[in-house]
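These notes concern the structure reproduced below.
All heavy atoms count here, side chains included; hydrogens, waters and symmetry mates do not. Numbers restart at 1 for each chain; the letters A, B, ... are given by sequence-line order, proteins then strands.
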Amino acid sequence: MIFFEQIISGLVVGSIYSLLGLGFTMIFACTKRINFCHGELMALGGFVGLVFIEIFPSCLFLSFVVGPLTIGLIAVIIERLFLRRLQEDKPLKIVIATIGLSVVLSVVMQIIWGAHPKTYPNFISEKPFSFIGVKIIPQNLFIFLISISLMIILQYFFLYTKTGRALRALSQDRYAARLMGIKVGQNISLVYFISGILAGIAGMLITPIYFVSSSIGSFLGLKAFIAAVIGGLGSVPGTIAGGFFLGIVESLSSGFISSKYKSGISLLFLVLVLLFSPKGLLSIFHKVNLLKWRKSKNEKY
Amino acid sequence: MKSIKHVFPFFILILTLSIIGFIPNLYYLHLFNLILIYSIFSLGLNILTGYTGITSFGHAGFFALGAYATAILSTRYGVPPILSIFFASFLTAIAGFIIGLPVIRISGIYLAMVTLGSAEFIRLLALNWDSLTGGAIGISNIPALSILGCYFKSESSLFFFLYAMLIISTFIFVRITNSRFGKSLIAIKDDEQAAESIGIPCAKNKLISFFISGFYSGLSGALYAHFDRFIHPATFTFSLSVLVLCMVILGGMGTVFGSILGAIVIVILLEYLQPLGVYRLFVYGMILTIMISYFPQGLIGILKEVSGHFRKNKFKNTI
Amino acid sequence: MLIVRNLKCSYGRIQALTGIDFNVNQGDIVTLIGNNGAGKSTTLNAICGIAPKVSGEVVFRKRRIEKLSSDKIISLGICQVPEGRRIFPFLTVEENLLMGAYLRKYDKKVEKDKEMIYNFFPVLKKMKKKFGGELSGGEQQMLSIGRGLMANPDLLLFDEPSLGLAPFLVKEIFEIIKEINSSGTTILLVEQNARLALQIATKGYVMEKGRIVLQGAGKELLTNKEVRKIYLGEN
């Protein structure tokens, strides 16, 4: 049974990794750049959620809408102010700029909310119930369900809406997308907005279990990034799979080996994946498509 | 083209300034020593970031490796510091080479992640391998530098030693970057495919630049260990990597002078912002972001533009 | 319909166009021919509003468009079928077509246009659910043309439609272009295959090093001595 409980806790952590990792992936897909202050945006989401829950104590739902929207706006502001001018430059410049921003954000959070981790009461009761003999904490279930439904909504958005299609087109061929009349800058801002919203929601979700602090951002952000790379940066299903995979692996290893090596194991996975399949584990499946595409591009017919 | 001539007057300036004004004042001298050490460190990152175009987020790891290597050698095994410093630098250079090995397969952000991960690994090693590194307490009583029985214990004597080290390393650095090899690094940075197509062995040259970068960073770390004579893992965190990146970017990537200028400004800032504690990081973050988004040429670039306004002959962009 | 006056364009320090003038009249097929690097593609990109640093005048239906952004220009009725087809490889054929109509409201008319294109290119209808990247080169070219038509343009710009296609497919593509033209769409065609282009063109311009060196009716240019020598490889 312990095994199943570890799996379940892995799924819960994994859903947070996936949610955060999706932010990295979406921005990477559309701009081929990486936003390194994404984790800090998540932590900020937790704090902002805290503020809104204090303002509207009776209406949890409202804070769950306004909080993430605020983070989305902050992400857009960051993009417009600092990152847009670097969009066409070398990819690492944005990484350096966002690393700087992540430092700035975490210090700002420390100044405003102090160094100690903060939390708010659970949304739902903490009392675990048992399901076929496996203990489940409702709070965790809540996190899991919210993340899963967000992922489904996101997938729907990308596959079946006009804007989602335009974003996919943009990520595949920016030049052709411009020829179709897709406004590149606006859509990139939109992607930052969505990723900010996801980060905000993730921040609010983790606060009751992990507590939110100014340093949790870089920690979880890095994990989420690793998850995205393992699954395949730029691929939405890949990132989701990578997030769950990393969550489960970490949870199992801390349950059966030692929690000391939890971070070490994820870093090890990162290095292995980078060395042997830099496009992510899921790229093995994508390879078929990709190869076909390459071939047809070179063919004379 | 940058030659040693451009840098030389600058050295004389530091020397005269320090001799005239600061030697009597131990506090300022201490600052100058720090500047000298960080200048070497920042040169070490610059060859990678400024010339080859590889960003590392883990140079604190190299710094730590150099510091720990010399500290362990000189305290545990009684190796004379002057030897252990070079041994440590060499060791770090090899570590740099090994950490750089993935360069053959990956690049850009992934490589930066590998450097980040390896720095974290080195820090964890220092923290957890108690028997060798002293764990969280670190290593104290590191012997002072000495050459042939003559000790550099005081700040002022150390100053001259470090000063000499900086001149030597800068001289070698300029020679390296002006060589064919150095030019090939810039070519790799500008356009790797083009560089490859004209016959530059990109992977090999990148690895060599990792090696050199490791050497410089290890050297500065080792010097730091004998300068502070006490090291512990908390010094070598991610913020140190950010700090040195800050120096390179603030000063101007791909310029020798820029690295040193960056070190000067950042170290002085570091001191003046001491009362702010951890909030100092805010300033570094801002510097990093604003410099890279709005002034990617760094202070050197700004200075050149300003001097270009006054003088007719415009400087060529060396970056 | 389209009047270009003294159009200049530069990439960084390199001036790709050094002031060109030409007209495209309603219902025509106008072709720009010339060697690689003569500035043909740049001309098209400048008209579409995606080339950097454009100066001069581009007038489309009595409206200055050279300063407009690409989406405005496209919604005015200019659309480009780009060089190398530039299909979205991981969008299905249907989605690719819908992307062409991105600036239009998705309504019955778009559906009708889509059906029309499927009728026009039955191959595409068969491959509706396949990824763009899975198609063969010729099919991709058709898809690219179909995608351009989905914008319902009055002026369709073609950039090297014959590039990388087998000769019999090239002929087919040119037939298609003629057919599109006969249904009322004006065409500006950039092509290296000068002979084919001039055969179907009502008017032709010869470009060299960022300017126009020769102009005339298509048939006229075909018989021009210099054109025959340089671009058609005859003596």
Side-chain angles (χ1 to χ4, degrees), chain A residues 24 28 32-37 40 78 80-87 89-111 115 214-215 218-219 222 225-226 229 233 260-261 263-264 266-280, chain B residues 48-49 53-57 99 101-121 124-125 127-128 189-192 237-239 241-243 245-246 248-250 253 276-296:
Chain A
F24 284 108
F28 183 79
K32 302 287 173 286
R33 305 288 183 267
I34 286 157
N35 169 22
F36 248 94
C37 57
E40 270 66 23
I78 285 174
R80 289 271 160 129
L81 215 54
F82 299 112
L83 308 184
R84 169 144 313 178
R85 44 182 46 248
L86 297 177
Q87 214 64 259
D89 217 316
K90 294 240 161 69
L92 275 170
K93 286 205 171 168
I94 279 199
V95 175
I96 294 172
T98 50
I99 284 255
L101 280 171
S102 78
V103 172
V104 168
L105 281 175
S106 78
V107 174
V108 166
M109 284 186 277
Q110 216 171 329
I111 292 172
S214 54
S215 58
S218 57
F219 171 75
L222 188 64
F225 176 74
I226 292 173
V229 172
L233 203 55
K260 247 189 182 173
Y261 297 105
S263 307
S266 47
L267 278 175
L268 185 74
F269 262 103
L270 175 72
V271 173
L272 286 181
V273 168
L274 284 182
L275 287 183
F276 294 108
S277 172
K279 290 224 161 72
Chain B
L48 213 55
T49 301
I54 298 169
T55 299
S56 155
F57 297 130
I99 289 167
L101 273 179
V103 88
I104 297 165
R105 287 202 58 133
I106 56 180
S107 63
I109 178 64
Y110 299 118
L111 196 59
M113 293 311 295
V114 170
T115 59
L116 180 68
S118 49
E120 195 59 18
F121 179 73
L124 286 176
L125 213 60
L127 196 62
N128 293 325
K189 180 193 177 189
D190 285 344
D191 190 338
E192 197 176 331
T237 52
F238 178 60
S239 49
S241 301
V242 174
L243 194 73
L245 194 61
C246 224
V248 171
I249 286 169
L250 178 70
M253 287 182 281
L276 287 179
V278 282
Y279 301 144
R280 278 181 303 184
L281 274 174
F282 178 82
V283 180
Y284 305 143
M286 267 337 238
I287 287 177
L288 214 51
T289 309
I290 290 176
M291 288 309 284
I292 198 98
S293 329
Y294 291 89
F295 309 102

Winner by heavy-atom pair count (cut-off under 4.5 Å) against chain B, out of Leu83(A), Leu86(A), Leu81(A):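 Most heavy-atom pairs within the cutoff with chain B belong to Leu86(A).
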Contact leader toward chain A among Arg280(B), Met286(B), Glu120(B), Met291(B), where contacts are heavy-atom pairs under 4.5 Å: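 Maximum pair count with chain A is reached by Met286(B).
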Quick one: [atom1] on [X] to [atom2] on [Y], what's the gap to the nearest 0.5 Å?
X	Y	atom1	atom2	result
Leu101(A)	Ile290(B)	CG	CD1	9.0 Å
Ile249(B)	Ile99(A)	CD1	CD1	10.0 Å
Phe36(A)	Leu116(B)	CZ	CG	7.0 Å

Examine whether an atom of [X] lies under 4.5 Å from a heavy atom of chain A, and if so say whether it belongs to the side chain, the backbone or both; otherwise answer neither.
X	answer
Leu245(B)	side chain
Ile287(B)	neither
Leu101(B)	neither
Phe121(B)	neither
Phe282(B)	both

Non-hydrogen side-chain atoms of Lys93(A) and Thr55(B) separated by less than 4.5 Å: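 No; the side chains remain at least 4.5 Å from each other.
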Non-hydrogen side-chain atoms of Val107(A) and Tyr284(B) separated by less than 4.5 Å: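 Val107(A) vs Tyr284(B): side chains apart.
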Segment of Ile111(A) engaging chain B (4.5 angstrom heavy-atom cut-off):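 The answer is both parts of Ile111(A).
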Engaged part of Ile96(A) at the chain B interface, taking heavy atoms whose separation is under 4.5 Å: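 Contact with chain B involves both backbone and side-chain atoms of Ile96(A).
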Salt bridge (charged side-chain N to carboxylate O under 4.0 Å, His left out) partners of Asp191(B), counting only residues at least two apart: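 Applying salt bridge (charged side-chain N to carboxylate O under 4.0 Å, His left out) to Asp191(B) gives none.
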Listed partners of Arg85(A) passing salt bridge (charged side-chain N to carboxylate O under 4.0 Å, His left out), at least two apart: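 Applying salt bridge (charged side-chain N to carboxylate O under 4.0 Å, His left out) to Arg85(A) gives none.
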Minimum heavy-atom distance Ala97(A)-Ile292(B), with the two atoms named: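 For Ala97(A) versus Ile292(B), the nearest heavy atoms are CB-CG2, 3.3 Å.
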